[in-house]
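Structure first, then comments.
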2 protein chains.
Amino acid sequence: MAPLPAKPDMKDRILEIADRLFYLQGIRAVGVDTIAAEIGISKRTLYNHFPSKDALISAYLARRFVAPRPSEKPPLEQILGTFDSLERRFAAKDFRGCPFVNAVAELGSEDQPVRKIAIAFKESRRLWFRDLLVQLGVADAEGLATQLVLLVDGSIAQDLVRNDPAMARAAKAAAVVLLANAGVRVGDGGATQKSQVKTR
Amino acid sequence: MAPLPAKPDMKDRILEIADRLFYLQGIRAVGVDTIAAEIGISKRTLYNHFPSKDALISAYLARRFVAPRPSEKPPLEQILGTFDSLERRFAAKDFRGCPFVNAVAELGSEDQPVRKIAIAFKESRRLWFRDLLVQLGVADAEGLATQLVLLVDGSIAQDLVRNDPAMARAAKAAAVVLLANAGVRVGDGGATQKSQVKTR
DNA sequence: GCCTACCTACACAGGTCTGTGTACCTATTT
DNA sequence: AAATAGGTACACAGACCTGTGTAGGTAGGC
């Protein structure tokens with residue numbers, strides 16, 4: 001019955017479905033049978049493309065790990081835009097938190113492959129912020145970048161539980177304050193005089 | 001063989017062990033057999049105290065939901081102390097993130113009992129911050145309380161992945177800036193003049 | 001026409017999971 | 001002494017899990 005030409009690369013198709021199911025329902029909650037059935041292939045075919053479920057899990061996370069594409073927009077706009085796009089993603093009903101955090105929470109800290117990729121992802125996001133802050137001339141770009149990822153991950157965790165996109169706006173408001181305090185002129189009516197708070 | 005006097009209330013003992021295993025290894029990863037074996041009781045006994053694993057999960061989360069005990073310390077000290085105690089907990093090797101966030105991540109957003117208690121917990125923490133901020137005379141106590149819980153949850157998520165207690169310090173530093181911006185005099189050498197940043 | 005690659009269907013091994021059924025044992029209370 | 005409460009051991013039902021084995025079908029390239 002319609003042997004499915006297998007054109008759009010079977011491996012991609014498997015990953016696409018696995019991604020959706022793993023992300024929405026949890027990794028342990030989804031069996032390989034379920035994935036194969038959802039695609040309409042036999043379990044044997046799936047195991048011909050991935051040697052084990054663990055390999056599929058790793059591939060799932062690796063596929064989620066896409067570097068943010070470089071943008072021509074001004075750095076500040078990019079930074080604050082992060083929170084706007086977070087808010088949009090929160091509003092989508094298929095948002096279920098950060099797949100990397102979720103995977104570590106679910107699989108435990110002993111799962112080294114999963115943890116390694118999760119750490120790499122988190123660090124790459126932090127570095128993305130840091131580089132933009134450097135462009136803005138922020139002195140402690142490292143520290144501020146860390147604080148910004150805290151706001152991002154905090155709003156993600158809160159939204160996962162509460163399902164409230166306003167968390168992204170709260171995070172953005174906090175980010176604006178932190179940026180202003182670091183001497184960045186945020187477009188807010190010039191209310192932003194450099195009055196650094198010594199944080200320790 | 002030593003029928004275990006069952007004095008310290010069997011139910012508590014079950015919950016205590018279930019808590020440790022659920023929290024450290026994940027809820028789905030731990031079977032009731034494992035819990036019973038760890039306590040040294042038969043599975044039958046466990047099921048005589050809890051009608052199902054779901055009930056045990058709910059009891060586990062309910063037990064984690066302890067209201068912060070009222071303190072005589074000044075409000076600002078309580079707020080900032082939160083981050084210090086977070087740092088201490090991060091440093092402990094048995095810290096594995098927020099049990100409520102982890103449970104929602106693992107069990108899916110469809111599990112209503114679990115989600116409800118997670119939401120209640122998060123909101124209670126936010127209100128705790130808010131009440132302290134009101135005592136400090138902060139105008140937008142609601143908004144700032146939300147921002148503070150973002151920092152708390154952000155640092156928890158980051159520490160879960162990276163295992164880096166410094167995340168708590170970064171969150172504290174950000175909190176200090178946010179508090180100062182809201183007009184709270186933070187004990188930092190008077191570098192804290194009231195120069196509100198309009199956040200929108 | 002045939003070979004190769006890839007798919008199918010399907011059974012099954014061996015494990016784990018939740019939850020129950022049954023019969024017995026051992027304190028404490030009455 | 002007897003009844004009751006709460007524990008034990010242990011088997012088992014029924015579901016689901018990962019992973020494999022086997023035999024056959026079908027399309028494209030040589």
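The chains referred to below are lettered A, B, ... by the order of the sequence lines, with proteins before strands, and numbering in each begins at 1.
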Closest to the Y47(B) side chain, choosing from dC7(C), dG19(C), dT20(D):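 For Y47(B), the side-chain atoms sit closest to dG19(C).
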Minimum-distance nucleotide (side-chain atoms of S52(B) versus dG19(C), dC7(C), dG21(D)): dG19(C)
Sorted by number, the residues of residues 103-117 of chain B with heavy-atom contact under 4.0 Å to DNA chain D: none
Residues in side chain to side chain contact (heavy atoms under 4.5 Å, CB included) contact with R125(A), at least two apart in sequence or another chain: P68(A), F121(A)
A120(A): partners by side chain to side chain contact (heavy atoms under 4.5 Å, CB included), with sequence neighbours left out: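 If we apply the side chain to side chain contact (heavy atoms under 4.5 Å, CB included) test to A120(A), skipping adjacent residues, the hits are F65(A).
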Looking at [X] and [Y], would you say the former's side chain and the latter's main chain have a donor-acceptor pair under 3.5 Å?
| X | Y | result |
| --- | --- | --- |
| Y23(A) | G97(A) | yes |
| D159(A) | D164(A) | yes |
| R115(A) | V161(B) | yes |
| R64(B) | F100(B) | no |
| Q158(B) | D153(A) | no |

Rounded to the Å, how far apart are [X] [atom1] and [N] [atom2]?
| X | N | atom1 | atom2 | value |
| --- | --- | --- | --- | --- |
| K11(B) | dA5(D) | NZ | P | 16 Å |
| L56(A) | dC17(D) | CG | C1' | 15 Å |
| M10(A) | dA5(C) | CE | P | 17 Å |
| I14(B) | dG6(D) | CD1 | P | 13 Å |
| I39(A) | dT8(C) | CD1 | C1' | 15 Å |
| L46(A) | dC10(C) | CG | C1' | 16 Å |
| R13(A) | dC6(C) | CZ | C1' | 13 Å |
| N48(A) | dA9(C) | CG | C1' | 14 Å |

Testing the basics here: between [X] and [Y], what is the closest heavy-atom pair and its distance to 0.1 Å?
| X | Y | value |
| --- | --- | --- |
| V186(A) | A180(A) | CG2-N, 4.0 Å |
| L15(A) | A59(A) | CD2-CB, 3.6 Å |
| L61(A) | A103(A) | CD1-CB, 4.1 Å |

The helix from dG1(C)-dC30(D) to dT30(C)-dA1(D): angle between end helix axes, five pairs per end, rounded to 10 degrees: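 Between the axes fitted at each end of the helix from dG1(C)-dC30(D) to dT30(C)-dA1(D) lies an angle of 0°.
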Let me have the donor-acceptor pairs involving side chains of residues 129-144 of chain B, under 3.5 Å, with sequence neighbours excluded, atom names and distances please.
unit_1, atom_1, unit_2, atom_2, d
R130(B), NH1, E142(B), OE2, 2.8
D140(B), OD1, G143(B), N, 3.0
E142(B), OE1, R126(B), NH1, 2.9
E142(B), OE1, R126(B), NH2, 3.0

Salt bridge flag under 4.0 Å for residues K172(A) and E87(A):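 No salt bridge links K172(A) with E87(A).
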H49(A) vs dC6(C): side-chain N/O to OP1/OP2 distance below 4.0 Å: no
N or O in side chain of T45(A) less than 4.0 angstrom from dT8(C) OP1/OP2: yes
Base dG7(D) to side chain R44(B), donor-acceptor N/O within 3.5 Å cut-off: no
Nucleotide-resolved protein contact map, nucleotides 11-17 of chain C, B/S/- at heavy-atom distance under 4.0 Å: -------
